[in-house]
Amino acid sequence: RPTPEEYEKMYERLSKSASAENLNDQNFKKTTLMYLALGGETLARQHIETYRKPFPEKLTLFDKPLEDEILKEDVEEQSEEPEETD
């Protein structure tokens, strides 16, 4: 298992691919060091790449909420079925 100094050296090498604003972020450094300890350089590199990607402000998976569509279809099906009389 690497020593803390070795983790620092690995972090310095990996940090070259991180943006300048992330290098000043202590949370970013702490998280990257954690990924180094848990999964090695590959996992830490994936963390840095993911951290750099912008997340869309608005993310739409469906044009309409899925629940509303399903409920509407259920109501329509129930109204089409004839009522049973004894």
Side-chain angles (χ1 to χ4, degrees):
R1 181 177 167 132
T3 63
E5 293 82 23
E6 291 172 327
Y7 282 128
E8 283 291 329
K9 288 178 185 177
M10 284 188 257
Y11 173 78
E12 291 300 321
R13 186 172 55 247
L14 290 172
S15 66
K16 293 176 184 173
S17 62
S19 66
E21 63 186 33
N22 291 339
L23 295 177
N24 297 328
D25 183 2
Q26 287 300 313
N27 189 39
F28 173 78
K29 182 176 181 177
K30 180 180 170 183
T31 307
T32 305
L33 287 169
M34 179 188 67
Y35 281 115
L36 269 170
L38 294 175
E41 286 192 46
T42 304
L43 187 61
R45 198 175 309 277
Q46 288 174 352
H47 160 68
I48 292 171
E49 288 299 317
T50 303
Y51 210 85
R52 288 177 27 184
K53 291 182 182 178
F55 192 79
E57 298 265 334
K58 290 185 176 183
L59 183 64
T60 305
L61 298 176
F62 302 101
D63 290 337
K64 296 179 185 177
L66 189 57
E67 296 89 21
D68 291 345
E69 236 175 81
I70 292 172
L71 290 174
K72 184 178 176 182
E73 289 173 4
D74 286 345
V75 169
E76 288 174 359
E77 286 176 7
Q78 288 178 359
S79 65
E80 292 174 3
E81 294 176 5
E83 292 184 20
E84 294 181 21
T85 55
D86 290 329

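Computed from heavy atoms alone, side chains included, the values below leave out hydrogens, waters and symmetry copies. Predicted model only: the values in this text are computed from it and were never measured.
- Taken to the nearest 0.5 Å, the CD1 atom of I48 stands 7.0 Å off from the OG atom of S15.
- In terms of hydrophobic clustering, with Ile, Leu, Val, Met, Phe, Trp and Tyr side chains grouped at heavy-atom distances under 4.5 Å, Y11 and L43 are assigned to different clusters.
- The closest side-chain heavy-atom distance from R52 to E49 is below 4.5 Å.
- Under the rule for a side-chain contact (heavy atoms from CB on, under 4.5 Å), the partners of E21 that lie at least two apart in sequence or sit in another chain are S19.
- T3 meets the side-chain contact (heavy atoms from CB on, under 4.5 Å) test with E5, E6; sequence neighbours excluded.
- Qualifying salt bridge (Lys or Arg N to Asp or Glu O under 4.0 Å) partners for E41, counting only residues two or more places apart in sequence or in other chains: R13, R45.
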All N/O donor-acceptor pairs, side-chain side in residues 28-35, below 3.5 Å, sequence neighbours left out:
unit_1 : atom_1 : unit_2 : atom_2 : d
K29    : NZ     : E8     : OE1    : 3.4
T31    : OG1    : N27    : O      : 2.7
T32    : OG1    : F28    : O      : 2.7
T32    : OG1    : H47    : NE2    : 3.2

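- Taken to the nearest 0.5 Å, the CD atom of E12 stands 8.5 Å off from the CG atom of L23.
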